[in-house]
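Notes for the one structure printed next.
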Amino acid sequence: MEHGQAHEHSIERELECVSQVPIFQRLSADQMMSVAQVTRPIHAEKGGTVFSTGEVSQTLYIVNQGQVRLYHLAEDGREQVLRVLNPGDFIGEIALFTDEIHSSYAEATKTTELCTISRSALTALIKKMPPLSMALLGALADRLKVAERQATLLAIPDALPRLAGYLRELSGHTAGTVDLPMSKQDLAAYLGMTPESLSRKLRQLVTAGIIETIGRRQVKITDATKLGDVAPA
């Protein structure tokens, strides 16, 4: 069940949307048009639900504009952020291979436009475009790597090396300024800590001369070596 509001289908809008997605970027112009023709837009306001846990997943969701966060609810009601989707990111590809039940919630963090492709339409496209199946498998492999990295970080008992490890991965192990892909509140939930704990650990890294915080969504890595010393081996 799609909770977002359906929008009028516009081939130009859908072409813009699918052209952002890496798995479609190697397709020819005609093939890209075929994808756009079976794509349908939905709209979600900030705080709106795109899908909920327990629902059958039969749709590929692509973020065109805005942002969507995926999260679990723990038994005590705390949120565990799994991933934040920005323009060009997608979710739901597992539905192509199995009757998957959503095990997480997807919520728009700002006014968001998504493109959706049904399971039947995408399966038909894959049969006509073999390169698309390989691109999807590659995307699944990348998703698995990200999930493994998050699991590794969450297994670290100390919050400071957990945060340092995340920033080190985000920066590519080099000094420089990086954009946080999510709000600090969501980052705290992603790393399994409270927002207050995240703020304290960021201040520790600032005091140590390892990072600088710039505004609300940027961090400057000033000493990549020291960051690596704090991060887990």
Side-chain angles (χ1 to χ4, degrees), residues 20-22 25 46-47 63 65-91 103-112 138-233:
Q20 295 186 75
V21 184
Q25 286 172 351
K46 180 178 180 180
V63 178
Q65 298 175 4
Q67 187 179 73
V68 173
R69 67 189 189 115
L70 303 178
Y71 66 94
H72 281 315
L73 279 181
E75 290 184 2
D76 61 4
R78 286 185 301 171
E79 293 181 2
Q80 171 60 58
V81 175
L82 306 174
R83 188 168 165 236
V84 171
L85 282 70
N86 292 298
D89 292 335
F90 59 92
I91 190 71
S103 58
S104 59
Y105 296 88
E107 177 188 273
T109 62
K110 58 180 75 171
T111 300
T112 299
L140 285 170
D142 290 340
R143 193 72 46 80
L144 180 59
K145 290 177 185 177
V146 171
E148 288 176 342
R149 284 199 296 267
Q150 185 186 19
T152 299
L153 286 174
L154 290 175
I156 301 167
D158 192 336
L160 186 62
R162 201 184 310 156
L163 172 60
Y166 174 81
L167 293 175
R168 190 166 182 250
E169 287 285 339
L170 190 64
S171 66
H173 299 200
T174 61
T177 301
V178 295
D179 295 322
L180 297 178
M182 62 189 85
S183 69
K184 288 180 181 175
Q185 181 175 348
D186 282 342
L187 177 58
Y190 180 82
L191 293 174
M193 59 180 80
T194 64
E196 295 77 18
S197 177
L198 175 64
S199 295
R200 287 195 299 270
K201 300 309 175 184
L202 284 169
R203 285 197 296 270
Q204 281 185 247
L205 294 176
V206 170
T207 301
I210 297 173
I211 68 167
E212 296 174 8
T213 55
I214 305 171
R216 302 172 71 178
R217 295 288 288 263
Q218 285 189 319
V219 172
K220 182 178 181 181
I221 311 299
T222 54
D223 194 323
T225 300
K226 285 186 179 180
L227 184 65
D229 292 339
V230 178

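- Side chain of Gln25 to main chain of Gln20: a donor-acceptor pair is present (N/O by atom type, distance under 3.5 Å, no hydrogens or angles).
- For the pair Val178 and Ser171, the tightest heavy-atom approach, listed with the atom from each and the gap, is CG1-CA, 3.6 Å.
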Item to check | Full working for side-chain contact (heavy atoms from CB on, under 4.5 Å) between Tyr71 and Arg78 | outcome: CA-CA 10 Å; Tyr71 66 94; Arg78 286 185 301 171; over 6 Å; no
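- Of all non-hydrogen atoms in Gly165 and Pro232, the two that sit nearest each other are CA-CD, 4.0 Å.
- By the 6.0 Å contact criterion, CD on Gln185 is open, its count of non-hydrogen atoms from other residues, nucleotides or ligands being 12 or less.
- With values rounded to the nearest 0.5 angstrom, Met182 atom CE is found 10.0 Å from Arg83 atom CZ.
- Annotation: the span from Ser104 atom OG to Glu79 atom CD amounts to 11.5 Å, rounded to 0.5 Å.
- Minimum interatomic distance between Gly88 and Pro22 (heavy atoms only, all atoms of both residues): O-CD, 4.0 Å.
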Item to check | Gln67 vs Thr109, side-chain hydrogen bond (donor to acceptor under 3.5 Å, both in side chains): CA-CA, chis, key distance, verdict | outcome: CA-CA 6 Å; Gln67 187 179 73; Thr109 62; 2.8 Å; yes
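- No side-chain donor-acceptor contact under 3.5 Å links Asp186 to the backbone of Ser183.
- Between Lys201 atom NZ and Glu196 atom CD the span is 13.0 Å, to the nearest 0.5 Å.
- Residues Pro181 and Val84 have side chains not in contact (no heavy-atom distance under 4.5 Å, counting atoms from C-beta outward).
- Gly66 and Pro87 get closest at one heavy-atom pair: O-CD, 3.3 Å.
- When each of Ile210, Leu163, Leu167 is checked for a side-chain contact (heavy atoms from CB on, under 4.5 Å) with Val230, only Ile210 meets the rule.
- Residues Arg217 and Asp179 form no side-chain contact, since every pair of their non-hydrogen atoms from C-beta on lies 4.5 Å or further apart.
- Side chains of Leu198 and Leu202 form a contact here, defined as non-hydrogen atoms less than 4.5 Å apart.
- One N or O on the side chain of Gln80 and one on the backbone of Tyr190 form a donor-acceptor pair closer than 3.5 Å.
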Next on the checklist: Please determine whether side-chain contact (heavy atoms from CB on, under 4.5 Å) holds for the pair Val81 and Leu187, giving the CA-CA distance in whole Å, both sets of side-chain angles, and the decisive distance to 0.1 Å.
Outcome noted: CA-CA 8 Å; Val81 175; Leu187 177 58; over 6 Å; no
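- Counting only distance, with no hydrogens or angles, the side chain of His72 and the backbone of Ser103 share a donor-acceptor pair below 3.5 Å.
- A distance-only check finds a donor-acceptor pair linking the side chain of Arg162 to the backbone of Pro157 [under 3.5 Å].
- In this structure, Arg149 forms no cation-pi arrangement with Tyr166, as its terminal cationic atom is not both closer than 6.0 Å to the ring centre and no more than 45° off the ring axis.
- Looking only at distances, a side-chain donor or acceptor of Thr112 sits under 3.5 Å from a matching main-chain atom of Lys110.
- Contact detail for Ala159 and Ser197: the closest heavy-atom pair is CB-OG, 4.2 Å.
- The 12-atom threshold is not exceeded at NZ of Lys220, counting heavy atoms of other residues, nucleotides or ligands nearer than 6.0 Å.
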Next on the checklist: side-chain contact (heavy atoms from CB on, under 4.5 Å) for Ile221 and Val219? Distances and angles first, verdict last.
Outcome noted: CA-CA 6 Å; Ile221 311 299; Val219 172; 4.0 Å; yes
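- For the atom pair Leu205 CG and Thr213 OG1, the distance stands at 10.5 Å (nearest 0.5 Å).
- Asn86 CG to Gln65 CD: the interatomic distance, rounded to the nearest 0.5 Å, is 13.0 Å.
- For the atom pair CG (Leu180) and CZ (Arg216), the distance works out to 11.5 Å, reported to the nearest 0.5 Å.
- Residue Ala224 comes nearest to Ala175 through the heavy atom pair CB-N, 3.7 Å, listed as atom of the first residue, atom of the second, then distance.
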